[in-house]
Amino acid sequence: MLAFAVVALARDAAAVSTRVWTVASFKDFEEGTEDSTRVTSLGEVTPGIATKKVALDSESAWTAVMAPDGTVYTGGVTDGAVMAVTASGKKKILDLTKETPWISALALDGSTLYVGTLGSGTIYAVDTRAGTSRKLTTLEGTAHVWSLAVDGKTLWAGTGPDGKLFSIELPSGRAKLAWDSGEKHLLALARAADGALWIGTSDNAILFRYEPKTGKARAIADFAGQEVRAVVEVRGRIVAATNEFEQKSGGAPAPPAPKGPKGTPAKPPEAGTAPGADKPAAEEAARPEARKGKGALFAVDVDGRLEQLHALADGYFTSLAATDAGDVLAGSGALGRVYQVRLDRTVMTAFDAPERQVNAVALARGQIAFATGDAGAVYFVVGQAEEARYSSKTFDAAFPSRWGNLRFRGAGVTMETRSGNTAKPGKGWSGWERLDGVAKAGGEAQIGRIVSPPGRYLEFRAVFDKAPGGILREVNVYYLPQNQRPRITDITVGEEPRKGPVTLAPGITKPRSPILKLKWKVENPDEDELVYTLQYKPEGDGEWRDLFTGVEPLTAANFDWNTEALPDGYYRLRVTASDRRTNPRDLALDDSRVSPPFLVDNLKPQIQALEVKYPMVTGRAVDSFSRIDEIGYQIDSGEWVAAFPTDGIFDSPTETFTIKLPDLKPGPHTLAVRVADEADNIGAAAVTFRVGPK
């Protein structure tokens with residue numbers, strides 16, 4: 001039993017300082033980097049999809065649609081070009097550089113591709129088979145074509161900055177105003193199964209249902225934030241992507257800048273969300289991934305019932321597409337991810353793009369592709385990944401640390417780690433190293449020793465086997481931070497100085513307390529449990545004496561000291577903080593601080609030579625150490641009256657005083673005098689005198 005107790009004690013003591021970094025939830029895993037892996041809302045990482053990347057010549061692909069043959073058509077916001085992209089290459093099929101650099105919306109109907117622009121309010125029709133194009137229409141009274149949807153012989157266009165919906169007759173291109181929303185921009189259009197249109201707006205983030213037969217619309221939902229960026233109908237429900245941006249980031253688009261000498265807008269909009277207000281040329285636009293926003297996905301019933309499916313605390317949604325299986329693929333800006341979301345609120349990260357922006361997701365006949373910004377590219381999904389890796393975020397242990405074991409749940413993965421002392425991995429970091437001595441740890445759990453050298457920062461990486469069935473769940477990293485020294489930063493002795501007189505207060509019966517209140521401030525970087533040692537010594541004495549000698553160590557940063565038994569005089573206090581309770585003795589650290597001298601004064605001042613020679617009173621107030629601070633007198637139990645010393649200033653332990661009494665009735669009278677020292681000790685004396693003849 002004794003041996004067991006010793007072992008248990010050692011385990012408990014070690015557990016106090018050993019810490020654990022846990023990665024277990026969807027949010028935890030999502031903070032890492034996926035390389036052909038996917039993270040699910042169940043807190044699991046599995047091998048993901050393999051993709052084929054086709055780099056574009058533009059800085060950003062803003063919009064994209066996919067044809068049944070797998071060709072992806074993209075439009076950018078920097079070069080005015082529409083590209084036809086396949087897994088084997090790319091080709092420019094429309095160049096609008098002379099008119100506008102901003103291709104904002106695409107819609108495909110058979111072999112005809114409709115192209116909407118910003119700044120000029122024009123729509124083009126491209127025959128993708130013949131390779132020809134024509135200007136279909138220029139919408140009067142509007143500048144931006146944000147969204148397009150084809151419905152039989154009608155092309156619908158959502159516009160800004162006046163939030164108007166236009167219907168365009170096909171193939172003639174005759175356009176007419178169908179509906180004025182009263183909003184600024186109609187960013188999203190989607191056809192409903194029954195022929196209605198779903199419309200998402202900014203700047204008020206409202207979802208409308210528009211009935212073409214009646215020409216009327218009804219607001220279905222009013223969301224927080226600035227925009228409904230994308231909508232898609234899935235199995236009778238509408239999924240809406242909404243965004244809320246910080247004021248300076250902007251979600252609401254603004255009209256383009258004035259046109260330059262060549263007839264093109266002077267500055268392109270920012271990519272990654274709806275183009276923001278144009279800035280002076282000298283002001284550098286914020287990088288898209290630096291823009292601050294919060295996005296959310298909602299499932300909306302026709303009667304307006306809302307259910308949140310997923311939310312991004314740091315990032316925004318850019319596009320939506322529905323699969324034949326009823327899943328929603330959602331592209332995100334800032335994070336550069338494609339999320340696979342189901343109506344039962346299951347969420348997984350389907351892809352993590354290195355470009356940090358996914359501006360458009362395109363589907364056709366089971367084929368999937370997505371287009372990126374920050375660097376224009378199209379990714380084609382080509383199957384399941386054969387090489388899949390997942391890397392954690394960079395973990396900050398706050399202090400240099402020794403790494404212990406890594407415990408994980410999963411199968412078909414090899415775990416590696418690397419460490420360093422800089423926040424960003426690079427030169428000076430160790431290389432990736434496998435865990436040592438990996439062994440079963442119960443159920444599907446495995447545990448192995450981290451061989452990466454001590455450091456402040458650590459990352460782990462899961463490398464999945466090529467065989468199917470690989471999965472990674474909860475990861476626990478055990479580590480021991482370097483012990484940090486506590487610091488005593490300030491010592492306070494006594495209460496705050498009083499703000500009013502002591503001797504003149506009526507009914508003083510309770511003597512001054514000899515309890516001296518001690519307080520100190522301490523910095524405790526690693527939040528170890530601290531214990532304190534208090535010692536004191538008289539000024540000029542070389543020996544420190546223990547002040548607190550309790551059975552249990554002092555753990556509070558304050559102490560009430562009864563100084564009643566101490567001789568009056570000046571003292572110093574030494575406070576020592578130690579973390580010995582949470583660290584082995586050879587690793588424990590302490591710190592001491594000595595207070596400035598302070599006065600212990602429990603003796604009352606004396607009143608000497610008190611004499612009345614009516615109408616004059618004389619006397620002397622004397623204290624052993626403290627300065628006399630107040631003098632007051634009272635006649636016949638009347639009101640207390642303040643008096644000053646003879647020289648008019650309280651600046652000495654001994655003060656003489658002279659008091660001139662007021663006119664009194666003849667007969668006997670009693671004079672009481674009180675004096676107080678700086679320590680609020682009060683001394684009193686009384687004398688009886690007579691006015692007039694006996």
K.L.:
Is it the case that the side chain of Glu183 and the backbone of Asn204 share a donor-acceptor pair, with hydrogens and angles ignored and the cut-off at 3.5 Å?
P.N.:
yes
K.L.:
Start with the C-alpha gap between Asp396 and Arg456, add the side-chain angles, then the distance that decides, and say whether salt bridge (Lys or Arg N to Asp or Glu O under 4.0 Å) holds.
P.N.:
CA-CA 6 Å; Asp396 182 3; Arg456 174 170 171 170; 2.7 Å; yes
K.L.:
Given Glu474 and Arg407, is the salt bridge (Lys or Arg N to Asp or Glu O under 4.0 Å) satisfied, shown in steps?
P.N.:
CA-CA 8 Å; Glu474 179 181 356; Arg407 184 180 186 274; 5.5 Å; no
K.L.:
Do Arg485 side-chain atoms and Asp590 backbone N/O form a donor-acceptor pair below 3.5 Å?
P.N.:
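Judged by distance alone, yes, a pair lies under 3.5 Å.
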K.L.:
Show your working on side-chain hydrogen bond (donor to acceptor under 3.5 Å, both in side chains) between Ser592 and Thr576 and close with a plain yes or no.
P.N.:
CA-CA 4 Å; Ser592 297; Thr576 301; 2.6 Å; yes
K.L.:
Where is the tightest heavy-atom contact between Leu610 and Ala685, given as atom of each residue plus distance?
P.N.:
CD2-CB, 4.0 Å
K.L.:
Would you verify whether the NZ or CZ of Arg593 falls within 45 degrees of the ring axis of Trp520 while also being under 6.0 Å from that six-membered ring's centre?
P.N.:
no
K.L.:
Do Phe245 and Tyr316 have ring centres separated by under 6.0 Å?
P.N.:
yes
K.L.:
Counting N and O atoms only, with roles assigned by atom type, does the side chain of Trp561 sit under 3.5 Å from a partner on the main chain of Pro514, one being a donor and the other an acceptor?
P.N.:
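Here the side-chain-to-backbone pair does not exist.
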K.L.:
Minimum heavy-atom separation for Leu603 to Asp623, with atom names?
P.N.:
O-OD1, 3.5 Å
K.L.:
Are Phe460 and Trp403 an aromatic pair, judged by ring center distance below 6.0 Å?
P.N.:
no
K.L.:
Please confirm whether the backbone N or O of Lys537 pairs with a side-chain atom of Asp541, one donor and one acceptor, at under 3.5 Å?
P.N.:
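Between the backbone of Lys537 and the side chain of Asp541 there is no qualifying donor-acceptor contact (under 3.5 Å).
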K.L.:
As a quick check of understanding, evaluate ring-ring contact (aromatic ring centres under 6.0 Å, His included) for Phe26 and His310, giving each step before the final call.
P.N.:
CA-CA 11 Å; Phe26 175 77; His310 188 46; 5.6 Å; yes
K.L.:
Considering all heavy atoms of both residues, which atom of Ala221 and which atom of Leu306 are nearest to each other, and what is their separation?
P.N.:
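Result for this residue pair: CB-CD2, 3.8 Å.
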K.L.:
Would the Phe559 and Phe548 ring centres measure less than 6.0 Å apart?
P.N.:
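Between Phe548 and Phe559, which both carry aromatic rings, the centre distance is below 6.0 Å.
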K.L.:
Could you check whether any side-chain N or O of Asn681 sits under 3.5 Å from a backbone N or O of Asp677, counting only pairs where one atom can act as donor and the other as acceptor?
P.N.:
no
K.L.:
How about Thr394 and Glu459: does a side-chain donor come under 3.5 Å of a side-chain acceptor?
P.N.:
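Thr394 vs Glu459: donor-acceptor pair found between side chains.
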K.L.:
List the steps and the verdict of salt bridge (Lys or Arg N to Asp or Glu O under 4.0 Å) for Glu31 and Lys393.
P.N.:
CA-CA 6 Å; Glu31 292 177 335; Lys393 72 171 185 178; 3.4 Å; yes
K.L.:
Evaluate Phe298 against Phe223 for ring-ring contact (aromatic ring centres under 6.0 Å, His included), listing each step before the verdict.
P.N.:
CA-CA 9 Å; Phe298 291 90; Phe223 299 96; 5.1 Å; yes
